[in-house]
Amino acid sequence: MFNQETLLQELTFKAIRSSGSGGQHVNKVASKVELSFNVKDSLGFSDEQKTHLLEKLQNRLTKDGFLLMQCDESRSQHKNKELVIKRFLELIRASLVKPKKRILTKIPKAVIKKRLKSKRHLSDKKANRKPPGLL
């Protein structure tokens, strides 16, 4: 499918100060991790896989073809790095899965008859609610 080792070598990480509350220690520690990955220049994918990824991930990519992901769930920078790598690999795997082609099937005659019968039944029920028309 794809070479995971090559992908992990192509990732670049940046540590950022995490937003939100955290007390006195929050302004001194950069625990938020930002992962960036260049899909266009990656050596871990074939050209076909790259085009498929660019199509699937187009809403998540920058104009230059970079995929950016962030994680600030944990107070530990190492834990956040592990989490963002895990999410990145899951996203890549999910994006490379090709959906099965739907095979059109003919609607059975019994199903069509049943639907028409229920429609007729409802129509008759509503028609019976009306007052009888005098000629």
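Source: prediction; values computed, not measured. When a residue number appears, it is its place in the shown sequence, counting from 1.
Looking at Ser42, its side chain never comes within 3.5 Å of a backbone N or O of Asn38 through a donor-acceptor pair. Side chain of Asn80 to backbone of Val33: no donor-acceptor contact under 3.5 angstrom is found.
Ring to ring, Phe37 and Phe88 are close: their centroids are under 6.0 angstrom apart.
Counting all heavy atoms, side chain and backbone alike, Ala30 lies closest to Ala15 at O-CB, 3.8 Å. Closest of all the heavy-atom pairs between Arg87 and Cys71 is NH1-SG, 3.7 Å. Annotation for Ser74 and Ser76: closest pair OG-N, 3.0 Å, computed over non-hydrogen atoms.
The number of heavy-atom neighbours closer than 6.0 Å to CG of Leu122, taken from other residues, nucleotides and ligands shown, is above 12. Other residues, nucleotides and ligands contribute at most 12 non-hydrogen atoms within 6.0 Å of the NZ atom of Lys81.
Put simply, the side chain of Met69 does not reach to within 4.5 Å of the side chain of Glu34, judged on heavy atoms. Counting only heavy atoms from C-beta outward, the side chains of Arg102 and Leu104 approach each other to under 4.5 Å. Using a 4.5 Å heavy-atom cutoff, the side chains of Gln70 and Val84 are not in contact. In this structure the side chain of His52 never reaches within 4.5 angstrom of the side chain of Ser95, judged on heavy atoms.
Atom CD of Glu10 and atom OG1 of Thr6 lie 6.5 Å apart (nearest 0.5 Å). Atom CG of Leu96 and atom NZ of Lys50 lie 12.5 Å apart (nearest 0.5 Å). Distance CG/Leu53 to CG/Leu61: 8.5 Å, rounded to 0.5 Å. Going from atom CG of Leu116 over to atom OG of Ser123 covers 12.0 Å, rounded to the nearest 0.5 Å. Distance NZ/Lys113 to CZ/Arg120: 15.5 Å, rounded to 0.5 Å. Rounded to the nearest 0.5 Å, atoms CG (Asp64) and OG (Ser36) are 11.0 Å apart.
Residue Leu7 is not grouped with residue Leu68 when hydrophobic side chains (ILVMFWY) are merged at heavy-atom distances under 4.5 angstrom, including chains of intermediate members. Phe66 and Leu57 fall into different hydrophobic clusters, where Ile, Leu, Val, Met, Phe, Trp and Tyr residues are linked whenever their side-chain heavy atoms come under 4.5 Å apart, directly or through other members.
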Intermediate values then yes/no, side-chain contact (heavy atoms from CB on, under 4.5 Å), Val39 and Leu54: CA-CA 7 Å; Val39 179; Leu54 291 170; 3.8 Å; yes
Full working for side-chain contact (heavy atoms from CB on, under 4.5 Å) between Lys32 and Arg17: CA-CA 6 Å; Lys32 184 178 190 178; Arg17 268 189 268 155; over 6 Å; no
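No donor-acceptor contact under 3.5 angstrom links the side chains of Gln77 and Ser31, judged on distance only. Arg93 and Gln4 share a side-chain donor-acceptor pair at under 3.5 Å.
Residues Glu48 and Lys98 are paired through a salt bridge, judged by an N-O separation under 4.0 Å between the basic side chain and the carboxylate.
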